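All values derive from a computational prediction rather than experimental measurement.
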Amino acid sequence: MKQESYELFKSSGIDEITEVLAKELNLRNEQAFWGDKVIPFTEAILSVLIPLRDSNSLFTPEGVRVDELTPELFFNWSDFVSLKSLAFTIQRSNRLEDESKTDIDLKILGDYLSHYNVNLEDELLDFPISHYNLHQGVSNVIKSLL
C-alpha cells in the first residue's frame, strides 16, 4: 500500500478518495465494468466510515475500537458480509436514545446494499453468493489501485 493511501484515508472526504480511485482506474485502463463498480462501492463504505472516523468512533468488524481510518480497515469492511453487518450495527446504534450515539445517515449504504438484494429489514436473511463474489473482485481492484 502506498503511503499516500494512508494519508488519504486518514483525513480526506469521500469525494477526494473516490477522485483518486477514478484517476487510478483511468491510468490503469481498467475495464469499464470495474469502474462502474469501484466508485459506488467505495462511496457506500465511506459514507459510514468517514462519519465514524470524524466522531472518533471507528471499530473493526470484530468490534475492536480503532483510532484511524486506514486502507486496511476499509478492506476489513469491504467484505460484503461485514458491510451488511455494518449497516445493521449502525442502524441499531442510530435507534439508541443515548446522547453519545453517532447519528449516521445510512441512505447511501442502504441504497447500495438494496441494489444487491440485501434485505435491510431482517439481518438473518442471506443474499445471493454471486454478489459476495462480485464484491471480492471489486475489493481486489481497489487494492490494486491503492
> Evaluate Val118 against Tyr112 for side chain to side chain contact (heavy atoms under 4.5 Å, CB included), listing each step before the verdict.
CA-CA 9 Å; Val118 174; Tyr112 185 86; over 6 Å; no

> I'd like to know if the side chain of Ser93 and the backbone of Thr89 have a donor-acceptor N/O pair within less than 3.5 Å.
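No, because the side chain of Ser93 does not come within donor-acceptor range (under 3.5 Å) of the backbone of Thr89.
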
> Looking only at atom types and distance, does a side-chain atom of Ser85 sit under 3.5 Å from a main-chain N or O of Val81, one as donor and one as acceptor?
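It does not hold such a pair.
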
> Salt bridge (charged side-chain N to carboxylate O under 4.0 Å, His left out): which pairs involve residues 67-81, sequence neighbours left out?
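Found Lys10-Glu68, Arg65-Asp67.
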
> Kindly indicate, with the supporting measurements, whether the criterion salt bridge (charged side-chain N to carboxylate O under 4.0 Å, His left out) is fulfilled by Arg92 and Glu123.
CA-CA 11 Å; Arg92 282 189 295 272; Glu123 189 171 3; 2.8 Å; yes

> Would you check if the distance from the ring center of Phe41 to the ring center of Trp34 is below 6.0 Å?
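No; Trp34 has its ring centre 6.0 Å or more from that of Phe41.
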
> To the nearest 0.5 Å, what is the distance between CG on Leu86 and CG on Leu49?
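Leu86 CG to Leu49 CG: 6.0 Å, rounded to 0.5 Å.
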
> So how far is it from Glu19 CD to Ile17 CD1, rounded to the nearest 0.5 Å?
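So the CD of Glu19 and the CD1 of Ile17 are separated by 11.0 Å.
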
> Where do Ser12 and Arg53 come nearest, in terms of heavy atoms and distance?
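In this case the closest contact between Ser12 and Arg53 is O-NH1, 2.8 Å.
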
> Please determine whether residues Ile39 and Ile45 belong to a single hydrophobic cluster, defined as Ile, Leu, Val, Met, Phe, Trp and Tyr linked transitively by side-chain heavy-atom distances below 4.5 Å.
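Yes, same cluster.
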
> Should Val48 and Ile108 be regarded as members of a common hydrophobic cluster, given that ILVMFWY residues are connected when their side-chain heavy atoms come within less than 4.5 Å of each other, either directly or indirectly?
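Hydrophobic grouping puts Val48 apart from Ile108.
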
> Can a donor-acceptor pair be found, under 3.5 Å and without considering hydrogens, that links the side chain of Thr60 to the backbone of Val64?
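Judged by distance alone, yes, a pair lies under 3.5 Å.
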
> I'd like to check Val141 versus Val138 (side-chain heavy atoms, cut-off strictly below 4.5 Å). Are they in contact?
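No, side chains not in contact.
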
> Within this structure, what is the OG-CD distance for the pair Ser144 and Glu24, rounded to the nearest 0.5 Å?
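Taking OG in Ser144 and CD in Glu24, the distance rounds to 8.5 Å.
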
> To check you understand the geometry: which heavy-atom pair defines the closest contact between Phe9 and Pro71, and what is its length?
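Scanning both residues, the minimum pair turns out to be CD1-CG, 3.8 Å.
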
> Give a yes or no answer on whether the side chain of Thr18 reaches the backbone of Asp15 with a donor-acceptor pair at less than 3.5 Å.
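Yes, because the side chain of Thr18 sits within donor-acceptor range (under 3.5 Å) of the backbone of Asp15.
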
> Any side-chain heavy atom of Leu146 within less than 4.5 Å of one from Lys2?
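Contact flag for Leu146/Lys2 side chains = no.
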
> Strictly by salt bridge (charged side-chain N to carboxylate O under 4.0 Å, His left out), give each pair with a member in residues 32-52 just once, sequence neighbours left out.
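Listed once each, the pairs would be none.
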
> Test your reading of the model: is there a side-chain donor-acceptor pair from Ser82 to the backbone of Phe80, 3.5 Å cut-off?
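Side chain of Ser82 to backbone of Phe80: no pair is present.
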
> What's the spacing between Ser5 OG and Lys143 NZ if we round to 0.5 Å?
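The OG atom of Ser5 sits 13.0 Å away from the NZ atom of Lys143.
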
> Calculate, to the nearest 0.5 Å, the distance between atoms OG and CZ belonging to Ser139 and Phe74 respectively.
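So the OG of Ser139 and the CZ of Phe74 are separated by 7.0 Å.
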
> For side chain to side chain contact (heavy atoms under 4.5 Å, CB included), just list the numbers for Asp105 and Ser47, CA-CA rounded to whole Å, side-chain angles, deciding distance to a tenth of an Å, and then say yes or no.
CA-CA 8 Å; Asp105 184 359; Ser47 72; over 6 Å; no

> Determine the minimum heavy-atom distance between Pro61 and Asn76, stating which atoms define it.
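Minimum heavy-atom separation between Pro61 and Asn76: CG-O, 3.6 Å.
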
> Any side-chain heavy-atom pair from Leu52 and Ile90 closer than 4.5 angstrom?
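Touching, per the 4.5 Å side-chain cut-off.
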
> Let me confirm one number: the CG-CG distance from Leu21 to Leu145, rounded to the nearest 0.5 Å.
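So the CG of Leu21 and the CG of Leu145 are separated by 6.0 Å.
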
> Just wondering, do Leu83 and Ser78 contact through their side chains at under 4.5 Å, heavy atoms?
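No, their side chains stay 4.5 Å or more apart.
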
> Please name the pair of heavy atoms, one in Leu69 and one in Leu58, separated by the smallest distance, quoted to 0.1 Å.
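Between these two residues, the closest heavy atoms are N-CD1, 3.3 Å.
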
> So do Phe75 and Ile142 actually touch side chain to side chain, heavy atoms under 4.5 Å?
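Of all side-chain heavy-atom pairs linking Phe75 with Ile142, at least one is under 4.5 Å.
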
